**Q** 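The following block contains the structure, expressed as structure tokens.
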Amino acid sequence: MAVKYWLMKTEPTTYSIDDLAREKDQTTCWEGVRNYQARNTLRDDIQEGDRVLFYHSACKEPAVVGTAVVTRGGYPDSHAFDRRSKYYDKKSDPENPTWFMVDIKLDQKFEKPVTLAQLRDRSALKGMVLLQKGSRLSVQGVKKKEFDTIVKMASAT
DNA sequence: GCCAACGTTGGC
DNA sequence: GCCAACGTTGGC
């Protein structure tokens, strides 16, 4: 199966790329996604070895701040079964889970984040889901070309 | 099954 | 903090 490319949003006040960098093995489970479209992507489409753009949203300077690698494809989000978790959902049945998550490992933290404004400036990126009006999907596909363009932008001086 | 009301996201 | 866009809920 070919490697695929994704973008995942997070609010840095909740969980930032520096939090990921501090994790054991720089790996974490991407729990708490509670949107059906994103759930379908996590459950059905994201596989081990896929690449991820790590995006900071709802903050001073929204930006892609680094990349990560998927180390485990979609599996049930156990937080939904944990009454004490803020992601608890009593409607999710452990026998037939509603919500899914993946594991990701930090690949590269960009020295210079690629800001939303910079992304909008690139005509090659015009088709990105992130840049569409009203788009608020927290887990979304990106094209290889888009992924490569953004990584290149991060390393340009 | 429609749709108004409500809650959330997220850029600005 | 504002507000537009979107998703979900629930009455009918």
Side-chain angles (χ1 to χ4, degrees), chain A residues 4-23 28-46 50-68 70 73-104 106-143 145-154 156:
Chain A
K4 289 182 299 244
Y5 300 84
W6 310 99
L7 181 144
M8 297 189 189
K9 292 182 190 174
T10 175
E11 301 188 16
T13 52
T14 302
Y15 191 88
S16 74
I17 194 159
D18 291 319
D19 292 320
L20 178 58
R22 278 190 292 268
E23 302 278 0
T28 190
C29 57
W30 204 250
E31 84 281 11
V33 173
R34 297 290 179 267
N35 166 282
Y36 286 101
Q37 196 178 342
R39 185 283 307 272
N40 292 346
T41 301
L42 291 170
R43 184 188 58 191
D44 305 333
D45 303 328
I46 301 187
D50 286 356
R51 308 290 306 276
V52 174
L53 293 169
F54 197 100
Y55 180 81
H56 282 175
S57 68
C59 56
K60 208 180 208 174
E61 183 108 279
V64 177
V65 292
T67 60
V70 176
Y75 64 103
D77 182 348
S78 54
H79 299 73
F81 316 133
D82 178 359
R83 209 167 271 281
R84 291 155 309 174
S85 168
K86 67 170 174 170
Y87 299 120
Y88 176 68
D89 178 1
K90 66 174 188 296
K91 295 197 297 291
S92 186
D93 170 9
E95 298 300 312
N96 184 21
T98 307
W99 304 115
F100 285 73
M101 60 185 177
V102 299
D103 289 353
I104 63 169
L106 180 65
D107 177 28
Q108 179 191 5
K109 180 188 166 184
F110 293 161
E111 269 176 48
K112 291 203 69 180
V114 181
T115 66
L116 181 59
Q118 286 176 280
L119 298 176
R120 289 199 193 284
D121 262 358
R122 282 289 178 119
S123 56
L125 300 177
K126 267 216 305 256
M128 280 187 74
V129 175
L130 181 73
L131 304 183
Q132 305 314 305
K133 186 175 177 183
S135 161
R136 47 187 238 196
L137 248 192
S138 65
V139 178
Q140 52 182 257
V142 300
K143 298 197 179 75
K145 203 178 70 184
E146 296 165 344
F147 185 96
D148 291 342
T149 298
I150 291 167
V151 169
K152 203 174 291 175
M153 288 167 76

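Owing to the predicted nature of the structure, the values given are computational and were not obtained by experimental measurement. Lettering of chains follows the sequences in order, A, B, ..., and the numbering in each one begins at 1.
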**Q** Say whether, by atom type as modelled, one donor and one acceptor occur between the side chain of D19(A) and the main chain of S16(A) under 3.5 angstrom.
**A** yes

**Q** Salt bridge between K143(A) and D148(A), side-chain N to carboxylate O under 4.0 Å?
**A** no

**Q** Distance check needed: dT8(B) P versus L137(A) CG, whole Å only.
**A** 18 Å

**Q** Give the rounded distance in Å between these two atoms: NZ of K60(A) and C1' of dG10(B).
**A** 17 Å

**Q** Quick test: give all pairs of protein nitrogen or oxygen and nucleotides 3-7 of chain B nitrogen or oxygen below 3.5 Å, distance rounded to 0.1 Å.
**A**
unit_1, atom_1, unit_2, atom_2, d
dG7(B), N2, R136(A), NH2, 3.3

**Q** I need the OH-P distance between Y36(A) and dT9(B), as an integer number of Å.
**A** 15 Å

**Q** When the distance from CH2 of W99(A) to P of dT8(C) is rounded to whole Å, what number comes out?
**A** 7 Å

**Q** Using heavy atoms and a sub-4.0 Å distance, could you list which residues of residues 113-123 of chain A are near DNA chain C? By number, please.
**A** none

**Q** With sequence neighbours left out, what residues match T149(A) under side chain to side chain contact (heavy atoms under 4.5 Å, CB included)?
**A** R122(A), L125(A), M153(A)

**Q** Measure up the Y15(A) and W30(A) rings against each other and bin them: parallel (under 30°), tilted (30 to 60°), perpendicular (over 60°).
**A** perpendicular

**Q** Are W99(A) and D89(A) close enough that a side-chain donor and a side-chain acceptor fall under 3.5 Å?
**A** yes

**Q** Side-chain donor-acceptor pair under 3.5 Å between D103(A) and Y75(A), yes or no?
**A** yes

**Q** To the nearest Å, how far apart are Q37(A) CD and dT9(B) P?
**A** 15 Å

**Q** For residues R120(A) and L131(A), determine if any side-chain heavy atom of one lies less than 4.5 Å from a side-chain heavy atom of the other.
**A** yes

**Q** Any idea which heavy atoms bring S135(A) and K9(A) closest together, and the distance?
**A** O-NZ, 3.6 Å

